[in-house]
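Have a look at the structure below, then the notes.
Throughout, a chain's letter reflects where its sequence line sits, starting with A, and its residues are numbered from 1.
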Amino acid sequence: MSETSVKREYRPAAMERRWQERWSESGLYETDEDPGKPKHYALTMLPYPSGDLHVGHWYPMTPSDTRARFMRMNGYRVFFPIGFDAFGLPAENAAINRGVHPYKWTMSNIENMRGQLRQMGTMFDFDAEVVTCDPEYYRWNQWFFLKFFEKGLAYRDEAPVDWCPSCNTTLAREQVVGPDRRCERCGTPVIKRNLAQWLFRITDYAEELLDFSRIDWPERVETLQRNWIGRSEGAEIDFDIQGYGPVTVFTTRPDTLFGATFFVMSPEHPAVEEITTPEQEEEVRSYVEKAGRMTEIDRTDVTREKTGVFTGAYAVNPANKEQIPVYIADYVLMGYGTGAIMAVPGQDERDWEFAEKYGLPIVRTVEPPEDFDGKAYTGEGPAINSGFLNGLEVEEAKERMTSWLGEHGEGRRAVTYRLHDWLISRQRYWGTPIPIVYCDACGAVPVPEEDLPVLLPEDAEFMPTGESPLKLDPDFYNTKCPRCGGPATRETDTMDTFVDSSWYQYRYLSPHYDEGPFDPERGKKWLPVDQYTGGIEHAVMHLLYTRFWTKVMRDLGLVDFDEPMLRLFNQGTILGPDGEKMSKSRGNVINPQEFVDRYGSDALRCFLMFIGPWNQGGPWDGRGIEGVSRWLRRALSLVSEGEATGAEADPAELDRRTEQLVKKVTEDLEAFRFNTSVAALMEQTNYLLGIKGRIDEAKWEAALRRFALVLAPFAPHHAEEMWAGLGEPYSVHEQAWPGYDESLIKTEEITLVVQVNGKLRDRIQAPADVAEETAKELALSSVKVRPHVEGKEIRKSIYVPGRLVNIVVG
RNA sequence: GGGGGCGUAGCCCAAUCGGCAGAGGCAGAGGACUUAAAAUCCUUACAGUGUGGGUUCGAAUCCCACCGCCCCUACCA
């Protein structure tokens, strides 16, 4: 190959296609099963098959691939699969709007994206692909559901769900968008509705989910999960309501019980109707109705003035036996604690506000500091007006009160979580049917394992009623009771799509295995996931669910570890050129195709890694890719014949820079610092081009080989081309990662910075191992330094080995 | 209201343990090549690190306050 052909005919797209064909023919990326190597399971979050792979997919996937390639070259057998999170509402919308069946729509999108995925030049093992809407997959969702049901971890309950009054359907949480909680489809504010729904008892695992000691995850995700789980320690206290009986409250401040001057229940509290006196009935009923009609946004607006209604009932404060009025107010939420509170205006800002408005008594039970001029006091201090607690500090008072409650049968120590059980019912077609049958005689009966999967009917009618097509399909829902054989009805709700993604990493191991969710033999070889990468937006949904799921799997005896993913890295989000999140509606989605055609996949991959730190994301700037493309072209030109001009280059410098490059890239890749790796590769390219033809041939080629090796994870096609150009045997991706020799990086001479009072005055050359005394003497003898120290007292001097001398003069 | 992150050249970003502010790229300027342009190659200007304090021999880096932008969360009893 002549140099002109390399220079003039740089056609990256064609070159890359050639290598992709070769990789595919030679099975280069079939998963390495060599038991002699340590395993590495690398996983990137699976995409939703929206139809096209855009830059928003390249951004998380290609650096993840670079890391997986790096591990492979480092001697690991690497499993790096990909699949499609194929259930979900967009497919159903396409069916309603365009009359295409969700299955067809989804599968044709997947077909399209498979080709696009291959273009990225990743080492994905496409044989392990999983498509979650395939019965072969969702059958196991149903199987898990049955196991959960057997263990009492799946149950049916009436639960308030987000309901869109315009679409006439419930919504998944992820479909409720924006700070004002609107329906994603029509923009209508959602309301809460009570419906019988299936839930998973994730709260049983709340305590264990708070333990992150077995995983190396970003602090941020741990904090988000911890806050989401929201563990609060305190006490439950029973308040006797006259003519009704005890109603329990949860409080984190049992020490303030003597200051509880009224009692508040959520309007949805089941006891409300019974305790309300006839005189208050009308007012209470109208308030309850109003609260029910209110949108979530209005209901939870903090700036809104507190409202409430007296029920006519009185409760007895167990500490001082005083009668306190019972109110209902919408600032008390049925979804937290017990749905009822003891109101202590003296120590709680919300209660203070309410007490002020309705003229209720306020008693302080913690002495505020003298200079305190606020209203409710929530800080530390001795107890007052509190009988046997008087004088005790808050912590001690809490303890004493809790013991007292226990001894007198008025309450108990309690822990409450903000975390709710996971509501998995969706009134949609395009999801996994919940394998339950309702029989008049036997109740809710699970579908026997051998009858799985419960298949989605193919001939469903899609109508824009908001009603699930399954509800309109007698052929689907009419069935026989598995227990008594009598007529029965199938559950028509389907599962939340987060169920699919809670265990997909296990299915990848054996996507066609039909004796269980995954082949345990494969599991032993590969589990758990060693490195997971994905966006932070999944911190409290997917990432919490999959931890929960794994713990249940462990308790079912399916796996013998506690956590699904040992390490997690959150990449940032690539934004549109306008700095906004890429979305079709904004019209700022970048299609990678034109860039791939023009500059090649390697250029796009490297550009995305070069933009900035991977965890930072940032706006797309189409001009930047030019520079990366130029660099790749220049890198490739290193292997062409060079024209020798100028003096012989320094071989020691070539060694030093080569070792340095390997070290830098090795350390950067370990820490996901792709941007600085690419910069180092560029720097080396510039240097190498500068000495081309002016150095010993063998040394030059050795340097290029090492360059190609460290380039390989970033620009797999270009590295392959270089490797072949150097006459090396296929493939560069089967080579070992080069090591580096620390001793070759060190120079014999160093530049010593000389400061006087911290200001730079001179730079002097010195031997690398120069002694402190010598260095200081050298510094003092500098002509540039002398004027600054002459006639002044030298107070002290600081020597940082190999770096600087700082002379402090008075 | 609560929690977190980020402010370095016109722009994207580097800077190891607190030790020479600049590695890389974009855009710009000048030049070479060309009939010309593109491409390519060479050369090159550009900031003192958001603001104000503090700690230190020494601060982009640590601490405090403020300003600006972004993200998460929100009556959690």
Using a 4.0 Å heavy-atom cut-off across all strands, classify [X] as base, sugar-phosphate, or nothing.
X	result
A:Asn686	sugar-phosphate
A:Glu683	sugar-phosphate
A:Asp621	nothing
A:Arg630	sugar-phosphate
A:Gln616	sugar-phosphate

Worksheet item: Does A:Arg418 put a side-chain nitrogen or oxygen below 4.0 Å from OP1 or OP2 of B:rA77?
Response: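 Indeed not, no polar side-chain atom of A:Arg418 lies that close.
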Between [atom2] on [N] and [atom1] on [X], what's the gap in Å once rounded to a whole number?
X	N	atom1	atom2	answer
A:Arg220	B:rG4	CZ	C1'	6 Å
A:Leu608	B:rC26	CG	P	16 Å
A:Asp668	B:rG24	CG	C1'	12 Å

Fill in: Comparing A:Ala679 and A:Gly335 on RNA chain B - which has the more 5′ nearest nucleotide
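Looking at RNA chain B, the more 5' nearest nucleotide goes with A:Ala679.
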Fill in: Where the chi angle of B:rG48 falls, syn if within 90° of 0 and anti if not
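You should classify B:rG48 as syn.
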Discussion item. With syn defined as a glycosidic angle within 90° of 0 and anti as the rest, where does B:rC11 land?
Written reply: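 What B:rC11 shows is an anti base, its glycosidic angle lying more than 90° from 0.
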Worksheet item: If you check every side-chain atom of A:Asn675, which of B:rC20, B:rA14, B:rA77 has the closest atom?
Response: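 Ranking B:rC20, B:rA14, B:rA77 by closest atom to the A:Asn675 side chain puts B:rA14 first.
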Worksheet entry | Watson-Crick or G-U wobble mate for B:rC41, both contacts under 3.5 Å |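 Partner of B:rC41: B:rG31.
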Discussion item. Centre-to-centre under 6.0 Å for A:Phe263 and A:Tyr327, is that the case here?
Written reply: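 Between A:Tyr327 and A:Phe263, which both carry aromatic rings, the centre distance is not below 6.0 Å.
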Worksheet item: So, A:Glu207 and A:Arg231, do they make that salt bridge, N to O below 4.0 Å?
Response: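 A:Arg231 and A:Glu207: salt-bridged.
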Worksheet item: Between A:Glu349 and A:Lys375, does at least one N-O distance fall below 4.0 Å, as a salt bridge requires?
Response: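 Salt bridge: no.
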Worksheet item: Are the side chain of A:Tyr599 and the backbone N or O of A:Val628 linked by a donor-acceptor pair below 3.5 Å?
Response: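 It does not hold such a pair.
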Discussion item. When you measure only distances, ignoring hydrogens and angles, does the side chain of A:Glu626 come within 3.5 Å of the base of B:rG25 through a donor and an acceptor?
Written reply: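 In this structure, the two groups form no donor-acceptor pair.
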